[in-house]
Amino acid sequence: MAELEKTYHPENVETRRYEEWEASGAFKPTGNDNADAFTIVIPPPNVTGSLHMGHALNNTLQDILTRYHRMRGAAALWQTGTDHAGIATQMVVERMLEAEGAKRTDLGRDKFVERVWEWKEHSGGTITAQLRRLGASCDWSRERFTMDEGLSKAVLKVFVDLYKQGLIYRDKRLVNWDPKLLTAISDLEVEQREIRGKMWYFKYPIDGQDGQFITVGTTRPETMLGDTGVAVHPDDERYQGLIGQFVVLPIVGRRIPIFADAYADPEKGSGAVKITPGHDFNDFEVGKRAGLDIINIFDANAHLNENAPEKYQGMERFKAREVVLAEMEELGLLDRVEDNDMTVPHGDRSGVVIEPWLMDQWFVDAATLAKPAIEAVESGKTKFVPKNWENTYFEWMRNIQPWCVSRQLWWGHQIPAWFGPDGAVFVELSEEEAQAAAKAHYGKDVALTRDPDVLDTWFSSALWPFSTLGWPDKTPELAKHYPTDVLITGFDIIFFWVARMMMMGLHFMGEVPFHKVYIHALVRDEKGQKMSKSKGNVMDPLDLVEKFGADALRFTLTASAAQGRDVKMSESRVEGYRNFCTKIWNAARFCDMNECRPVGGFDPAAVNSTLNRWIVCKTADVEAAMRGALEAYRFNGAAGALYSFTWNTFCDWYLEFAKPVFSGSDEAAKAETRATAAWVLDQIVILLHPIMPFITEELWQTRGNRAGPLITTRWPEYGAGLANAAANQEMDWVVRLISQVRAVRAEMNVPPAAKIPLLLKDAGEGARAALETHKDLIVRLARLDSAELLAGTMPQGAVQDVLDEATLILPIAGAIDLGAEKSRLEKEIAKQDAEITRFEKKLGNDKFVANAPEDVVETEREKLADAQAVRAKLKDALRRLTAAA
RNA sequence: GGGCGGUUAGCUCAGCUGGGAGAGCGUCUGGUUUACACCCAGAAGGUCGGGGGUUCGAUUCCCUCACCGCCCACCA
């Protein structure tokens, strides 16, 4: 056994252990061919990205589940890869070109895309290296990229199939146009920002009635150049006489109708509203109803185009606003100005104001695809954890809009659509097939032009759970690992990603892509602020890894990951869990020093001493707690149970009690305690491994001759031992432990209720020496009267078990208020009475027995029997207590 | 306008099915005893946001108010 250093140094361990794991193929799901599959697909990080705290949390949780299920014997696959991140990546490379004094358009499409690939090869691996540093045990041999050959094939097939099924179509409608990035974006990529703006009221002269005006309000004066009508509410008394008349649009001189439409709200503004169908989503609908002209006044850069009066042509939109206002004022047509709080759409990548712009784009019929995806969650085929996110999902899915999937970018999957000379479109898997289709259509070969647009990045992400497993080919991986077990992600991409994977998975695979969706919260700084570069409060997970080790960071994130709560990170907490690593390390050192070595064939159920029986029982408890917590996705619960068991139960109590045994002369007790201590430490190492893989692997391998590394050690063999250990424990250990405590006290001349300072003052020489030697333990013993024991150190659910033994414990401990105990017992009995009545009533209800599922009824019967048994025990205890008193 | 979440010790937060008010950090006291000062022992500190209800019993369930945060929609 190698001698352990005094403190644990993660920097000497983590990278080395990780490389060993990866090189040995430990991350591949090949451990057990007959095993059940356990599958997680990673939310593919942007290839341009670097690891932030959200990634660290997200991937730690995935790794915990993967390692946990792998150790439990599953063929665990954590499918990894990265996303091509269309706009983000294109922007990065464009900025690089700018620095070289070049422009994307100078290079041309092919050369540019080549540059992006080059960039990806050189710099795209940052995030995957960082994930390794964190300890992520994903199967790198299966790493995919959304633009690699296989995934691109999947994208093409999905697009073509959906097109031929009528679920993708080309349409001319208003889209969100980003005038900086020069592309359309989807509704989700539009971010509404609060702006303190103004409302300007314009007077529009009525045609043919000098001096008569109708006043309209607007927050965007420049759009008046594209007005083609003025709407008033059909019932609005004020304007009845004007309906059907015309106004002469100032500056432009266009004659446009005043018409009735319920869209105009008499309560708002002047009650009359200018209609600009070309540049406002609502106005577009109103204009369509009223048959208004649609005039587009902007070019792609949101500068005024040839449809605007000459002096405005080429003018930038906000400049045009000023000029319009000045001109209107000069004309005496600016009625008034008011402050107006409003939200203005901005591009989430570019940050500029989004312009509604009329153009041809490709759309996915999301409403049709959403139906089965809604049903799957309604029926529980896919469940969200925490469940309340299902509301968010339903809300969005039930009101889903067509998804604009075409982007005017160069980096991405180019849309497989070709146009003929007359604009007819041919959507096929390849140019050859498109040519063939065109020939069939035209009766001759024609020149085709491919649509230059690419697909929204999220289009390929939507296929991730099956495309990464080989689809459209029928691979063994696809058969074994789809549907995946659980998706772990943040709430911010429920719409972008989760919902779309549900739609695509159900449509193309006929099954949900995952059975569970675990939604974790955002990682914030310690004050609860969202981390952002501009606030300067960003914590780099890699800095924390450097400083405290990956295990400490992982444990911190895990312990903070309470359901439905934001995770607040603070360095002091990471430091605390670094200390926890040291604590474990030193417990192992202590065990080594005392020759506690793993004993082959050790049977935890066969130990004899009270101390050892107790710790074995507690170990079984913590294993059950950890397993239960993980299976309910209560990561913090698992971390908390292991933390307090390791530190408080094992180190503070068990090892302290073990010291007198080790220094004593009872060789048999010594041997058993050594073996037990070694076994418990092994259990701690095993149980902690999913959360803290590095230190546990290091301890596992340095603390004895092992058949293999911990990561590939299978858990069930240990789990069986634990179940056995728990089952064979007698429940009188509390009493026996108290007896032992009393014996130790007696040996040391320590009166049970003594206070330490008093003892020090009054103790005789022998006692003083004992006190000096064993002070910490004695302080603990002094604290450990039966009340403490009752409250703190019992196995779970033990209140009632101990009450059963109350009459035995009470006289021994002698420190308990008998009256209080009596009333407590009486209360417990009353509670059981109530329970019994409730169950009896329920089981006496014929309708319930007849209609409820059998197992439910059976459970109720069991509960009744339990309650009756507990009540009998309580009664007995009460009787004995009364007798004793 | 619709929806979701939060309000527990000085700070950051746990508290799963109603019965003990908790952890870490910080503060104070005492300790370097051969696992650990990244430690040990001990202490102080909370009317679990306000009010009402259900219950033998509410931090926990229901209603309501206040404040904070987030998401969606709308915005002439």
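Below, chain A is the first sequence line, B the second, and so on; all start at residue 1. Predicted, not measured: the structure shown is a model, and the values here were computed from it.
- Taken together, the paired segments of RNA chain B that extend over three or more consecutive Watson-Crick or G-U pairs, each closer than 3.5 Å at both contacts, are B:1-7 with B:66-72, B:10-13 with B:22-25, B:27-31 with B:39-43, B:49-53 with B:61-65.
- Not one side-chain nitrogen or oxygen of A:W396 sits closer than 4.0 Å to the OP1 or OP2 atom of B:G2.
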A:D592/A:R597 under salt bridge (Lys or Arg N to Asp or Glu O under 4.0 Å): CA gap, chis, key distance, verdict: CA-CA 7 Å; A:D592 279 357; A:R597 303 201 176 93; over 6 Å; no
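- Using the six-membered ring where Trp is involved, A:F384 and A:Y393 have ring planes that are tilted, between 30° and 60° apart.
- Closest to the side chain of A:N579, out of B:C39, B:C70, B:A35, is B:C39.
- Within the 4.0 angstrom heavy-atom criterion, base atoms lie near A:D265.
- At distances below 3.5 Å, not a single donor-acceptor pair connects side-chain atoms of A:H279 with backbone N or O atoms of A:P277.
- Between A:R573 atom CZ and B:C25 atom P the separation is 11 Å, expressed in whole Å.
- Regarding contacts with the backbone of B:G15, a side-chain N or O of A:N636 is found under 4.0 angstrom from either OP1 or OP2.
- Geometric assessment of A:R500 against the ring of A:W403 yields a positive cation-pi assignment under the 6.0 Å and 45° thresholds.
- Rounded to an integer number of Å, the gap from A:L699 CG to B:A35 P is 18 Å.
- Within the 6.0 Å centre-distance limit, the rings of A:W585 and A:Y8 are counted as a close aromatic pair.
- With B:C36, B:C25, B:C72 as the choices, the nucleotide that has an atom nearest any side-chain atom of A:S572 turns out to be B:C25.
- When the C1' atom is used for both B:C65 and B:C74, the distance is 27 Å, rounded to whole Å.
- Distance A:R398 CZ to B:A73 P: 17 Å, rounded to the nearest Å.
- For A:N391, whose side chain is taken as the heavy atoms from C-beta onward, the closest listed nucleotide among B:C40, B:C4, B:C71 is B:C4.
- Taking only side-chain atoms of A:E656, from C-beta outward, the nucleotide of B:A35, B:A41, B:C38 with the closest atom is B:A35.
- Atom pair A:F555:CZ and B:A23:C1' shows a separation of 12 Å (rounding to whole Å applied).
- In this pair, A:F580 and A:Y643 present their aromatic rings tilted. The plane angle is within the 30 to 60° band.
- Applying the side-chain hydrogen bond (donor to acceptor under 3.5 Å, both in side chains) test to every pair with at least one member in residues 218-230 of chain A, sequence neighbours left out, gives these pairs: A:Y204-A:D227, A:R220-A:E222, A:R220-A:E355, A:E222-A:R321, A:T223-A:K274, A:D227-A:K274, A:D227-A:T276.
- Closest to the side chain of A:T582, from the set B:C36, B:C16, B:A35, is B:C36.
- The residue A:Q192 sits close to a base: some heavy atom pair falls under 4.0 Å.
- Atom pair A:F580:CZ and B:A35:C1' shows a separation of 15 Å (rounding to whole Å applied).
- Between A:K583 and the phosphate of B:C40, there is a side-chain N or O to OP1/OP2 separation shorter than 4.0 Å.
- With distances taken from any side-chain atom of A:N586 to the nucleotides B:C38, B:C71, B:A35, the minimum falls on B:A35.
- Among the heavy atoms of the strands, none lies under 4.0 Å from A:K387.
- A:F650 meets the ring-ring contact (aromatic ring centres under 6.0 Å, His included) test with A:Y654; sequence neighbours excluded.
- Note: CG (A:D592) to P (B:C36) measures 13 Å, nearest angstrom.
- Going from atom CD of A:E285 over to atom C1' of B:C74 covers 15 Å, rounded to whole Å.
- Residue A:S270 is classed as having no contact, given no heavy-atom separation below 4.0 Å to the nucleic acid.
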Go through it in stages, so that I can follow the logic: the residues are A:K547 and A:E575, the test is salt bridge (Lys or Arg N to Asp or Glu O under 4.0 Å), and I'd like the CA-CA distance, side-chain angles, deciding distance and then a yes or no. CA-CA 9 Å; A:K547 204 163 166 188; A:E575 191 180 352; over 6 Å; no
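- Note on A:A559: nothing from the nucleic acid sits closer than 4.0 angstrom, heavy atoms only.
- Among the atoms of the strands shown, only primed sugar atoms or phosphate atoms (P, OP1, OP2) are found under 4.0 Å from some heavy atom of A:T218.
- Comparing the C1' positions of B:U60 and B:C70 gives an interatomic distance of 24 Å, to the nearest angstrom.
- Look at the C1' atom in both B:G52 and B:A9: the space between them is 27 Å, to the nearest Å.
- When heavy atoms are screened at a 4.0 angstrom cut-off, A:A264 is found touching base atoms of the nucleic acid.
- Toward the 5' end of RNA chain B, the nearer of the two residues A:N340 and A:D187, judged by each one's closest nucleotide, is A:D187.
- Of the two residues near RNA chain B, A:W200 and A:E194, the one whose nearest nucleotide lies more 5' is A:E194.
- Residue A:R589 has its side chain nearest to B:A35 when only B:C4, B:C72, B:A35 are considered.
- Looking at A:R554, its side chain never comes within 3.5 Å of a backbone N or O of A:M692 through a donor-acceptor pair.
- Ranking B:C70, B:C39, B:C4 by closeness to the A:F491 side chain, first place goes to B:C70.
- Using a 4.0 Å heavy-atom criterion, one finds that A:Y263 contacts the bases of the nucleic acid, with or without backbone contacts as well.
- Rounded to whole Å, atom C1' of B:G15 lies 11 Å from atom CZ of A:R634.
- The side chain of A:K268 lies closest to B:C74, out of B:A35, B:C74, B:C71.
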